[in-house]
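Lettering follows sequence order; numbering is per chain, from 1.
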Amino acid sequence: MANKVIVETTINGDPVELLCEPRQSLLEVLRDVLELTGSKEGCLTGDCGACTVVIDGRPVCSCLMLGVEAAGKNVSTIEGLATGAALHVLQRKFLEHASLQCGICTPGFLMSAKALLDRNPNPTEAEIRYALAGNLCRCTGYDKIVRAVTDAAATMAGRSSRTAHGGAVPAETASGMVSEMLAKGEDK
Amino acid sequence: MAASTTNGFKVIGTRPIRHDGVDKVTGRAKYGADYAFPGMLHGKVLRSPHAHANIKSIKIDKALALPGVKAIVTADDLPKLPDKMEAAGEQAINLNHLSMNILARGKALYDGHAIAAVAATSSHIADEALRLIEVEYEPLAPVMTVEDGMKPGATILLPTLRNKEDGPDKETNVAAHLQFKRGDVAEGFKQADYVVEREFKTAMVHQGYIEPHNAIGIYNADGHATIYCSTQGSFVVRSLSAAVLGISEGKIKVVPAEIGGGFGGKTTVYLEPLAVLLSQKTGHPVKMTMTRAEVLRATGPTSGSTIRCKMGATKDGKLVAAQCWLAYEAGGFPGSPVGAGAMTILAPYNIPNILVDAYDVVVNRPKTAAYRAPGASNAAMASETVLDELAEKCGIDPLDIRLINGSHEGTPQTVGPPFKRIGLIETIEAIKNGEHYKSRLTGPNRGRGVASGFWFNVGLQSSATINIHTDGTVSLVIGSVDIGGTRAAQAMIAAEVLGVDVNDVRPTIADTDSIGHTDVTGGSRTCFATGWAVYEAAQDCIRQLKERAAKLWEKKPDEVVFENGMLSPAQPGGDLKPMSIKQIAPRLARTGGPIVGRATINARAVGPAFATICVDVEVDPDTGKTQILRATIAQDVGKAIHPAYVEGQMQGGTAQGIGWALNEEYFYDDRGILRNTGLLDYRMPTCLDLPPIETLIVEVPTPGHPLGIRGVGEVSIVPPPAAVANAIYHAVGVRMTELPMSPSRLLKAILKKRAAGETQAAAAD
Amino acid sequence: MHAITYETPKSLDEAVKLMAAHGEKARALSGGTDLLIQLRAGTRRPEYVVNIKNIPELTRISFSLQHGLKLGAAVPCIEIHENGDMRKYYPGLTEAAHLIGSLQIQSRASVGGNLCNGSPAADATPALIALGAQARVVGPKGERMVPVESFCLAPGRTVLQPGELLVEFHIPAPERRASDAYLRFIPRNEMDIAVVGVGAALTLDMSDDRVVAARIALGAVGPTPILAAEAAKSLIGKPLDAAAIDNAARLAIAASSPIDDMRGTAEFRRHVVGVLTRRTLAKAAERARE
Ligand SMILES: Cc1cc2nc3c(=O)[nH]c(=O)nc-3n(C[C@H](O)[C@H](O)[C@H](O)COP(=O)(O)OP(=O)(O)OC[C@H]3O[C@@H](n4cnc5c(N)ncnc54)[C@H](O)[C@@H]3O)c2cc1C
């Protein structure tokens with residue numbers, strides 16, 4: 001009964017052929033079959049959003065989808081958010097704003113935020129909060145997360161004409177940013 | 001946000017990017033469930049469907065026969081441990097209770113109590129196997145409330161449980177009665193012009209960390225075991241697992257993975273010993289993870305409670321007497337935080353006459369675990385709303401009554417010596433002088449509430465090692481897991497002392513074989529105590545660096561000074577040029593070999609924490625739904641090492657406190673079965689339920705700590721429920737005495753008030 | 001989870017054959033936001049899981065002012081919200097679909113799944129009932145149309161027979177001066193299951209504010225979603241003033257039969273049925289007048 005099936009899909013831009021049991025969720029397939037453990041399991045019932053991936057441009061809880069359903073789809077996970085060594089602006093802003101404490105919800109928030117900004121580059125605070133309502137964070141009270149997404153949107157808008165990758169910056173500059181922030185004092 | 005002055009510090013008080021940041025925003029960071037090992041099996045736990053039942057028999061043959069099932073264990077596979085308090089590592093704990101919580105022995109004490117554990121080749125097969133285990137239960141009447149547990153003739157949960165008061169012959173559900181006293185309350189109340197007395201009920205709530213518990217056990221044929229897990233304390237996991245399994249501590253190594261939240265709930269063991277036991281039985285690594293339903297049914301929560309609180313004040317607002325009675329649900333085994341509740345309930349105030357009684361009561365609910373300032377939020381809900389009522393009766397601003405009575409240096413504590421320098425008054429003043437409290441709140445059904453809160457904080461043991469590399473960078477090794485910026489803060493302390501760039505410090509969290517004993521990341525102790533160890537380890541480096549410089553310069557070590565990251569001769573002059581760590585580092589081999597700075601401490605001189613919060617709400621009087629409009633918290637943090645993560649702690653605790661206030665609760669049916677076993681119905685706040693949470697950092701340094709640090713992790717959760725209750729009162733004129741103040745409860749109170757004809761709402765402003 | 005066989009038919013024909021062949025052993029998989037949870041919990045254990053999202057009839061929205069709306073059972077809620085006609089002509093149904101879960105859930109969840117799951121608290125169902133939607137069901141024995149108010153039988157039970165599929169909803173074209181609304185009460189601001197839900201559709205007279213046609217439906221206050229026929233009837237021919245609305249709210253409360261559970265007490269729910277009926281009628285009327 002537990003016959004495995006071959007699934008052809010696209011993950012983070014790459015064609016992937018994988019073998020899984022039909023009962024395995026996409027989350028299990030990502031984590032256990034493909035070893036992409038960046039998508040997290042928080043509830044398995046779609047309530048926490050820690051397993052959020054983007055499928056054909058829409059945020060989806062990968063725990064509420066079978067792996068076999070990914071056939072023919074375009075799946076983006078947290079592992080594909082940075083471009084090579086260059087962090088996505090959202091990732092950078094999450095770091096700058098100290099938007100993560102334990103970090104377990106962070107991949108899910110980043111993917112939800114990515115799906116939002118791809119559709120709506122200039123969201124209001126209410127739109128941001130609505131788009132992130134399917135992601136639970138128990139550490140931060142959300143304040144610093146909302147600030148990071150707001151800042152990322154602004155930064156991307158300002159830079160979209162200059163960089164090809166939606167305002168991505170090299171990961172190496174992450175440490176450079178430290179001194180930059182020291183210089184600024186960063187007291188808001 | 002308060003400007004955090006860097007007064008003299010170069011690194012402390014700044015906001016560098018956390019060192020584990022890139023790993024955590026790219027999905028690369030490994031949490032417990034992210035590990036996998038060749039040949040790994042998957043373990044699952046069978047749980048009791050009854051709240052209270054004798055276990056007559058457990059039949060496992062059908063389950064064992066399922067292809068892919070490798071082993072099944074029950075309580076019979078664990079050693080029977082003594083039914084008394086014993087030391088397990090650093091804690092005193094009833095090991096029999098701990099063991100029985102991990103696998104029920106003879107009796108299931110709550111819905112979700114672990115009965116058996118299975119290891120199989122996949123988690124799906126393990127799940128299917130659970131369905132094939134046949135357990136014969138004899139259901140017993142569940143005891144769900146402290147009232148039911150305490151009443152004469154109550155059904156008994158633990159036949160061997162006794163308390164001092166009732167003596168060795170009386171079966172009881174009351175595990176302990178504590179009493180704290182000062183002065184004479186009867187006399188005190190006689191002096192009062194106003195007395196307010198109310199009874200409160202607060203619901204059991206869960207820590208709600210997003211990452212479920214996980215553990216991988218790898219038992220080696222040589223008798224050594226390794227545990228990978230997400231825990232707040234790798235050393236606690238080691239000692240408790242060793243105790244439960246009956247193996248010596250040194251034979252277990254615990255590798256702490258990244259941790260996805262804990263809030264106190266990951267300071268004990270559930271799966272860890274089972275994973276090792278199943279690994280021992282099968283010879284394979286065994287991975288176990290809980291589902292969310294298991295997390296809610298069988299881990300955490302903190303106690304629901306019944307609290308009576310009576311306080312008296314003179315007309316001018318001076319508190320003269322207070323009497324409190326607290327009974328907390330311990331869960332299936334003793335150990336609620338009622339003692340902490342009793343010692344915090346009156347701590348913010350200087351009251352000459354007090355009498356506090358506290359009861360720890362076992363009930364058929366999951367064994368409670370620590371949750372952020374355990375026991376204090378329940379207690380503050382009572383005392384801080386009663387105080388609000390007294391302020392109103394006295395006609396005094398609610399912040400002023402707190403200023404009049406607030407604890408300060410020299411105020412006696414409920415237990416123990418008087419307070420040293422503390423910052424309660426400063427937090428009240430910060431709120432009072434802040435823009436929020438000064439702003440006018442207008443509009444119908446809106447109200448503003450304030451409350452203060454206290455938490456002890458702890459010190460305990462920590463270890464730190466600093467290695468200086470030949471390029472002048474340093475690696476910092478600690479045993480405190482990083483639950484919210486620990487690596488960054490610790491690296492900042494090392495960088496500050498050593499005078500190096502914070503990015504030249506690489507912090508690592510080591511396993512239990514690679515660092516000295518370090519207590520849990522909890523009790524608001526990490527920055528305080530591990531930070532102290534790091535400070536001392538850095539000083540140890542400096543001492544050695546001076547020796548090396550002295551050698552190079554052919555001087556005595558005390559003829560070398562270290563300032564601003566530079567080693568220089570104490571007597572200026574000559575052609576000896578000052579050296580930075582980067583400059584001396586390549587010369588360590590020639591001057592005696594590597595430098596390893598190290599320090600271990602058992603930190604005393606703990607600085608207690610206080611916070612004051614101001615909350616604005618709007619209530620929909622037709623549905624009883626409360627919206628939080630604005631929230632500002634002021635907290636004394638001693639010294640903010642990394643202000644962004646300090647703000648994060650203040651905001652996070654406030655958010656949890658608001659969830660506790662409004663909607664979170666364990667909902668059991670008549671049979672003692674938990675109905676809301678998922679996050680959809682447990683209802684923690686989403687980002688649409690909270691406003692931006694404003695923070696006012698107050699810095700009153702802890703005397704005795706080299707950097708003045710005070711624990712910041714917990715106290716922020718203490719005042720919010722009371723502040724929200726006070727705000728609701730000022731919005732719609734009803735005094736809520738039950739948590740959560742969910743729409744059902746609040747609407748009922750509003751309608752009752754309306755029916756009573758009191759249409760006139762208490763003036764908010 | 002137990003082992004399953006996964007099928008993904010490309011046509012309605014193929015799907016109906018598969019469903020017929022496996023009968024009780026098969027379950028349709030739409031968005032999976034209810035089904036996967038039930039499979040994991042072991043409360044449903046079908047051997048065959050049939051993905052219906054590759055079938056054209058089930059995944060399209062077709063609307064015209066003459067013929068009204070055909071809404072595919074498996075269309076994800078987010079596509080309903082993104083559809084301009086849906087927002088304009090069926091704002092109540094659209095807002096109901098847009099209330100279901102988070103954006104992650106709406107990217108998958110369908111109105112068909114919402115109804116077939118048979119929950120009394122399903123948000124889209126009262127909105128469908130208010131609009132007078134009919135469910136087109138195809139099965140081994142052929143085809144039938146079922147009014148949505150008769151679709152649910154008990155919590156988790158519907159009129160669907162083994163092998164039957166819900167294909168689409170047929171909803172009449174909107175009249176002039178007609179509109180609908182759906183409101184629910186939840187303790188949080190998102191991500192909650194309705195404690196009470198009220199859907200209403202109103203047609204107002206062209207010249208004055210008299211109610212020409214009305215339908216009111218209630219969710220989460222009985223074993224199935226409820227058509228509050230008396231409440232709606234009480235409005236017909238009357239101007240929609242405060243007295244008429246109050247009266248309808250009273251009759252809606254009378255039509256409800258809530259229970260106490262973790263989501264709210266019966267007493268609370270009855271009260272809120274009244275509150276929401278008033279608010280929903282006001283909102284539908286406001287839209288109809290536009
Ligand atoms: C986090 C979360 C939040 C939620 N919030 C809400 C909410 O706010 N309001 C609400 O109403 N619901 C909510 N739900 C429940 C669920 O999302 C909805 O009921 C959703 O509409 C179900 O649709 P689906 O397409 O995912 O159904 P599925 O899970 O695919 O199917 C549900 C059931 O219907 C059957 N079925 C589906 N389509 C057909 C068909 N065409 N023919 C025959 N049978 C069929 C399936 O076999 C299954 O038994 C929530 C769920 C989650 C996980």
Using heavy-atom distances under 4.5 Å, tell me whether [X] contacts chain B through its side chain, its backbone, both, or neither.
| X | value |
| --- | --- |
| A:F94 | side chain |
| A:A133 | both |
| A:E125 | side chain |
| A:L100 | both |

How many angstroms lie between atom [atom1] of [X] and atom [atom2] of [Y], to the nearest 0.5 angstrom?
| X | Y | atom1 | atom2 | answer |
| --- | --- | --- | --- | --- |
| A:I145 | B:Q651 | CD1 | CD | 10.0 Å |
| A:E41 | B:I210 | CD | CD1 | 12.5 Å |
| A:L44 | B:R292 | CG | CZ | 9.5 Å |
| B:S122 | A:E28 | OG | CD | 8.5 Å |

Trace of the side-chain contact (heavy atoms from CB on, under 4.5 Å) decision for A:C139 with B:Y209 = CA-CA 8 Å; A:C139 295; B:Y209 31 81; over 6 Å; no

Nearest atoms (heavy-atom pairs only) where [X] meets [Y]:
| X | Y | result |
| --- | --- | --- |
| B:G27 | A:E79 | O-OE2, 4.5 Å |
| B:I259 | A:C102 | O-CB, 3.3 Å |
| A:D47 | B:G678 | OD2-C, 4.4 Å |
| B:P212 | A:G42 | CG-O, 3.7 Å |

Check whether [X] reaches the backbone of [Y] with its side chain - one donor and one acceptor, N or O, closer than 3.5 Å.
| X | Y | result |
| --- | --- | --- |
| A:R138 | B:M684 | no |
| A:Y142 | B:A655 | no |
| A:R129 | B:L690 | yes |
| A:Q91 | B:V25 | yes |
| A:Q101 | B:G648 | yes |

Atom group of [X] that falls short of 4.5 Å from chain A, counting heavy atoms:
| X | result |
| --- | --- |
| B:A29 | backbone |
| B:M290 | backbone |
| B:T26 | both |
| B:Q207 | backbone |
| B:R28 | neither |

With chain A as the partner, which of [options] has the greatest number of non-hydrogen pairs under 4.5 Å?
| options | result |
| --- | --- |
| B:P691, B:P685, B:A488 | B:P685 |
| B:H124, B:Q649, B:R18, B:H19 | B:H124 |
| B:G262, B:P692, B:A644 | B:P692 |

| said: Between A:L136 and B:L679, is the side-chain contact (heavy atoms from CB on, under 4.5 Å) condition met? List the steps. | reply: CA-CA 9 Å; A:L136 290 174; B:L679 295 177; 3.8 Å; yes

Should A:R31 and B:D34 be marked as a side-chain contact (heavy atoms from CB on, under 4.5 Å) after you check the CA-CA gap, both sets of side-chain angles, and the distance that decides it? CA-CA 8 Å; A:R31 291 175 55 84; B:D34 300 336; 2.7 Å; yes

Discussion item. Out of A:T45, A:I104, A:L81, A:L36, return the one with the most heavy atom pairs under 4.5 angstrom to chain B.
Written reply: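 That would be A:I104.
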
Q) Hey, mind stepping through A:T106 and B:K24 against side-chain contact (heavy atoms from CB on, under 4.5 Å) and telling me if it holds? A) CA-CA 7 Å; A:T106 308; B:K24 285 182 176 161; 5.6 Å; no

* **Short N-O contact, B:E258 and A:K40, less than 4.0 angstrom** => no

